[in-house]
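Structure first, commentary second.
Heads up: numbering here begins at 1 and tracks the sequence. The figures that follow rest on heavy atoms only: side chains count, while hydrogens, waters and symmetry mates do not.
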Amino acid sequence: MCIVMGVCAIAAARGYQQIYPYDANVLFSISTTDSSRTKDELAHGLSALGNEFKTIIGKVSANPKDYRNERDIVVFSGEPEPTAGPITVNGSVHWLDPHMSGKVISHDDLGDRSLDGQFFAIGTHDFIDALSEWGESNSVEICLEKVSDGSESLVIRNFLQTSTGMLAIVCFFLVIASVLALMRRLYRKQKVELIEGIPYWKVRARCCLEILFLTAQGCMPGCLAIALYLLALPQGIMQLGLVASLCSQAMLLYCSIAFAIVGAIALFCVPSFKDLGQRSVTARQTKTLSLGLEIAGIALVVISSISTAGMLNAETRILENARIYEEMPEATRVRLLYTPDEATIDNAPETHELISNASESGSLLLSLDVGQSMLITEDELRGFDGFVVVNRSFLNEIHVGVEEPGGSGAIFKINQDQVPAPLWDQTQVWLSNNTKTDPTFYRYEGEGLLALGANVSQGGTATLMKNPLVLLADNISEDWSYSGFIVPLLTTGNLFFSSYESAQNLIEESGMSGYIAAIDNIVELSLQQAQAAYMKAVVLLVSVLTALALVVVMGAQDAASWCSAKSKLIFARRSSGSTLPSISTAKLGRRIAFLCVGALAGAVFCLLIGSCDMTTVLLVVFGVTCLTMLCTVVFRCHFADIEFNRLANRR
């Protein structure tokens, strides 16, 4: 249990460290969509605010070029202490994750990193008030969350609110199951001690101390293994102190609860004087607790498995998006400003020159999942699963061929009569008045075509479509409307550039600098979410394995108890020629009933809270029930064979 709880503690500390670096006590997120200030102006304003209050303001940022291994910290104000978490040495960041590195970056070197996202700070109520005023004066949307508890309480809260909490509860059930198994082994010894005249309180005390001693013995190797793991990390000694400061209270709380449960079971399950005349091999209290544990355990395994399936599904989608974005890690969008004169961006000659030059150079990319921007019914799609607008440069970027096979599939032209009328009419709205050609539509063949939702750099969803209707928007600068198509897509980030350098050069060449508020990487936020998803996925997998271990332990415990109580019956039937499977499967109705009660209780709970769909619930209930019964039969065969050999050899 200690090792598993250590894994939980480290996972919670990693999550805490990423969200609250340097023991930050203020979290706030920024959205600059409606601001008329440039990114540099906002960054310097935020820095000035932090310097005024002499506080650290920073932001954790994934490196899009190597998001699996690099997580940087952008500092806007203040000097991070080298001994505060995470460990920073000579500008390098040492995270608790041994596979993750990073560096400290000044806000002057933001480059294509977005200013939008979540920030951390160490501040007071006055700082929070000043931050809100700064946001209002600059049309920056700020969502504040003041952290009032200490780091230890936050880690405890992280235990309770995430998948680690379910894993911790499963660990407690494993502890109870193990202690009950030990109590069965000590039952005969305790009866002998009572018969010998040893006082009842002394038998209880001995039992309690023995169980607690064995529990402590199990905790020590676990703690040692965790300490050795941390010492193996870069700056391991300093990291060890960090984890201890973050997790000591949480570990102490959970270990205290575990010891209290162990002690209570040890005191409660000692045989009484009434049990001395009974021939049972297990105390009635132990049987009652085992029955309750069996029902509650199955319910818990079902709940944890269903919850884990739902969480893994969400994490899988995030990781799938990250895998998609690996094809274009340098993709960059621009955020537009209003023009300083009477002209608008739509008809400004600089805008036309920028789009024309970018289109000719092949660095202008277009991808839009139209269904996320406007309502499209299934009837209007006429068999397609979506409507996607792309250009040829984007298809080349993701290796999709046009009328010929590509690495990720291909698109093939279809006739106009195959295009749904509402989508054809919508396309006519997007076209320029000067265009003289009809738009071309295609069908897609392949494993999935990537389509970006609006505002993809601020959390918009990227999707893979199996059978979309594809509009190929070639010759963007001439055939498509600037006011009705090009500028809106620039604003949402669906019309973007292949790299930060190409966008910057094209903007300077076209004289568009006065219209640009920011140049941001569109995949930074999604890749940062993917970093967190990798950590959560590990904990979720450990949760599943621990839940399966609980099923195995309960099956073994039930089998040992049944075989011990039915030893003479097993010997008689085995001597008469019955096979071990036929003996083990006899009278399973009672256990099946208990399994069904526990599984149904867990399933009903999950359906009430809406954590998963009915198909997943049924599959989990069926799988857990079958696995439990299989473990019961296998272990009954094993222990029945042991009991038969023991009686046959008169041991």
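Using a 4.5 Å heavy-atom cutoff, the side chains of Ile128 and Glu133 are not in contact. Under the 4.5 Å side-chain criterion, counting only non-hydrogen atoms from C-beta, Phe485 is not in contact with Ser432. Here the side chains of Leu354 and Leu364 are not in contact, with every heavy-atom distance at 4.5 Å or above. Residues Trp430 and Leu471 have side chains in contact (heavy-atom distance under 4.5 Å, counting atoms from C-beta outward). In this structure, Val389 and Leu366 have side chains that are in contact, with non-hydrogen atoms separated by less than 4.5 Å. Between Val402 and Leu395, some side-chain heavy-atom pair lies under the 4.5 Å cut-off. Leu472 is listed as a side-chain neighbour of Arg392, based on a closest heavy-atom distance under 4.5 Å. The shortest distance between side-chain heavy atoms of Leu381 and Leu423 falls below 4.5 Å.
Arg333 approaches Phe496 most closely through the heavy-atom pair CA-CB, 4.1 Å. Contact detail for Gln504 and Ile519: the closest heavy-atom pair is CA-CD1, 4.3 Å. Here the shortest heavy-atom pairing between Gly50 and Ser77 reads CA-OG, 3.3 Å. For the pair Asn391 and Ala473, the tightest heavy-atom approach, listed with the atom from each and the gap, is CB-O, 3.4 Å. The heavy-atom pair separating Ile411 from Val470 by the smallest distance is CG2-CG2, 4.3 Å. Nearest heavy atoms, Pro420 versus Leu469: CD-CD2, 3.8 Å.
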Check the pair Ser502, Ser499 against side chain to side chain donor-acceptor pair (under 3.5 Å), reporting the backbone distance first and the verdict last.
-> CA-CA 5 Å; Ser502 64; Ser499 69; 3.0 Å; yes
Check step by step if side chain to side chain donor-acceptor pair (under 3.5 Å) holds for Gln428 and Asp425.
-> CA-CA 5 Å; Gln428 302 303 310; Asp425 295 339; over 6 Å; no
Evaluation steps, salt bridge (charged side-chain N to carboxylate O under 4.0 Å, His left out), between Glu380 and Arg382 | CA-CA 5 Å; Glu380 292 174 336; Arg382 282 170 49 179; over 6 Å; no
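Note that CG of Leu46 is 8.5 Å distant from CG of Leu42, once rounded to the nearest 0.5 Å. Atoms CD and CZ, from Gln372 and Phe387 in turn, are 14.0 Å apart once rounded to the nearest 0.5 Å. In this structure, Glu501 CD and Ser363 OG are separated by 11.5 Å, a value rounded to the nearest 0.5 Å. Separating the CH2 atom in Trp424 from the CG atom in Asp417 is a distance of 10.5 Å, to the nearest 0.5 Å.
In this structure, a donor-acceptor pair under 3.5 Å is present between the side chains of Asn494 and Thr492. In this model, a donor atom of one side chain and an acceptor atom of the other lie less than 3.5 Å apart for Asp108 and His44. No donor-acceptor contact under 3.5 angstrom links the side chains of Glu360 and Asn357, judged on distance only. Looking only at atom types and distance, the side chain of Asp116 has a donor-acceptor partner in the side chain of Thr32 under 3.5 Å away.
At distances below 3.5 Å, not a single donor-acceptor pair connects side-chain atoms of Asp72 with backbone N or O atoms of Gly102. Using modelled atom types, no side-chain atom of Ser359 and backbone atom of Ser356 make a donor-acceptor pair closer than 3.5 Å. Counting only distance, with no hydrogens or angles, the side chain of Asn467 and the backbone of Gly383 share a donor-acceptor pair below 3.5 Å.
Around CD of Glu447, the count of heavy atoms belonging to other residues, nucleotides or ligands within 6.0 Å does not exceed 12. With a 6.0 Å radius and a threshold of 12 heavy atoms from other residues, nucleotides or ligands, Phe622 has its CZ atom at or below the threshold. Other residues, nucleotides and ligands contribute at most 12 non-hydrogen atoms within 6.0 Å of the CD atom of Glu378. Within 6.0 Å of CD in Glu141 there are 12 or fewer heavy atoms belonging to other residues, nucleotides or ligands.
Of the options Phe28, Phe120, Phe119, a ring-ring contact (aromatic ring centres under 6.0 Å, His included) to Phe76 is made by Phe119 and by none of the others.
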